[in-house]
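In what follows, chains are A, B, ... by sequence order, proteins preceding strands, each numbered from 1. The basis for the numbers below is simple: all heavy atoms, side chains too, and nothing from hydrogens, waters or symmetry mates.
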Amino acid sequence: NAGVTQTPKFQVLKTGQSMTLQCAQDMNHEYMSWYRQDPGMGLRLIHYSVGAGITDQGEVPNGYNVSRSTTEDFPLRLLSAAPSQTSVYFCASSPTRVSTDTQYFGPGTRLTVL
Amino acid sequence: AQKITQTQPGMFVQEKEAVTLDCTYDTSDPSYGLFWYKQPSSGEMIFLIYQGSYDQQNATEGRYSLNFQKARKSANLVISASQLGDSAMYFCAMRDLNRDDKIIFGKGTRLHILP
């Protein structure tokens, strides 16, 4: 099992550019989520999904879109990047939505928006 | 609303001593899960320990234990016999199914183990 994979590991964008951060898991997990990590802010939930075809907003959804067409993939789209979106992005998954399920994290994507 | 508070931005501890990292949470729902994660300087998030709100006993995993005081809404992480490799950022997190399955994190505590 590869677990949770994220690509790319590093990315530099110019303001206004768009891009998609990829996230995939091979554990047949129902629940997937995206977080951003900024210094002194911990991890903040952007969007999450409880299954294929179902997504919902987290704490900081503005400027980001997601979709979940398959169980395995949960891409995060930045339609028009802004410097405020400079951050480290983590994707995570857990088997189901029950409170006992641990989240497994990907290695992260470090994004810089100039 | 859900809230996780970690009041210690940074801690310095001598190697081999025990260390307690504080975490308090706020929820009105009876069913929830509490987690601790470690983030070393390499950046990955490593799951350490879990405590369910209905668990009668405090969780333990090797050198890690969770001091769960439900009435006080605290879930402190205790690391026994600290090692240099324990130097990292530590995050407390809560999962509350009655709040749309959202999992929220505290802002973290940076632990430095001194030789």
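Of the two parts of Gln39(B), only the side chain, counted from C-beta on, holds a non-hydrogen atom closer than 4.5 Å to a non-hydrogen atom of chain A. Interface residue Gln103(A): backbone and side-chain heavy atoms are both found under 4.5 Å from chain B. With a 4.5 Å cut-off on non-hydrogen atoms, Gln57(A) touches chain B through its backbone but not through its side chain.
One distance of note links OH of Tyr50(B) with OG1 of Thr102(A); it measures 8.0 Å at 0.5 Å rounding.
Under the 4.5 Å side-chain heavy-atom criterion for grouping Ile, Leu, Val, Met, Phe, Trp and Tyr, Val66(A) is not connected to Leu43(A) through any hydrophobic cluster. Leu21(B) and Val78(B) end up in different hydrophobic clusters when Ile, Leu, Val, Met, Phe, Trp and Tyr side chains are linked at under 4.5 Å. Residue Ile46(A) is not grouped with residue Ile104(B) when hydrophobic side chains (ILVMFWY) are merged at heavy-atom distances under 4.5 angstrom, including chains of intermediate members. Follow the hydrophobic side-chain contacts under 4.5 Å out from Leu76(A) and you never reach Val4(A); the two are in separate clusters. Put simply, Phe47(B) and Met89(B) are part of the same group of oily side chains (I, L, V, M, F, W, Y) that touch within less than 4.5 Å, one to the next.
Atom CZ of Arg44(A) has more than 12 neighbouring heavy atoms from other residues, nucleotides or ligands inside a 6.0 Å radius. Within a 6.0 Å radius of CD in Gln14(B), other residues, nucleotides and ligands contribute more than 12 heavy atoms. Atom NZ of Lys70(B) is surrounded by more than 12 heavy atoms from other residues, nucleotides or ligands within 6.0 Å.
The two residues Arg95(B) and Thr96(A) make their nearest non-hydrogen contact at NH2-O, 3.2 Å.
Residue-level contacts of residues 80-95 of chain A with chain B, in order of numbering, are Phe90(A), Ser94(A); threshold 4.5 Å between heavy atoms. At a heavy-atom cut-off of under 4.5 Å, chain A is reached by Phe105(B), Gly106(B), Lys107(B) from residues 105-115 of chain B, listed in order of number.
With respect to chain B, the highest number of heavy-atom pairs below 4.5 Å among Gly106(A), Pro107(A), Gly40(A) belongs to Gly40(A).
Here the two rings, on Phe105(A) and Tyr37(B), have centers that are under 6.0 Å apart.
A 4.5 Å side-chain heavy-atom check between Ile103(B) and Tyr35(A) finds at least one atom pair inside the cut-off.
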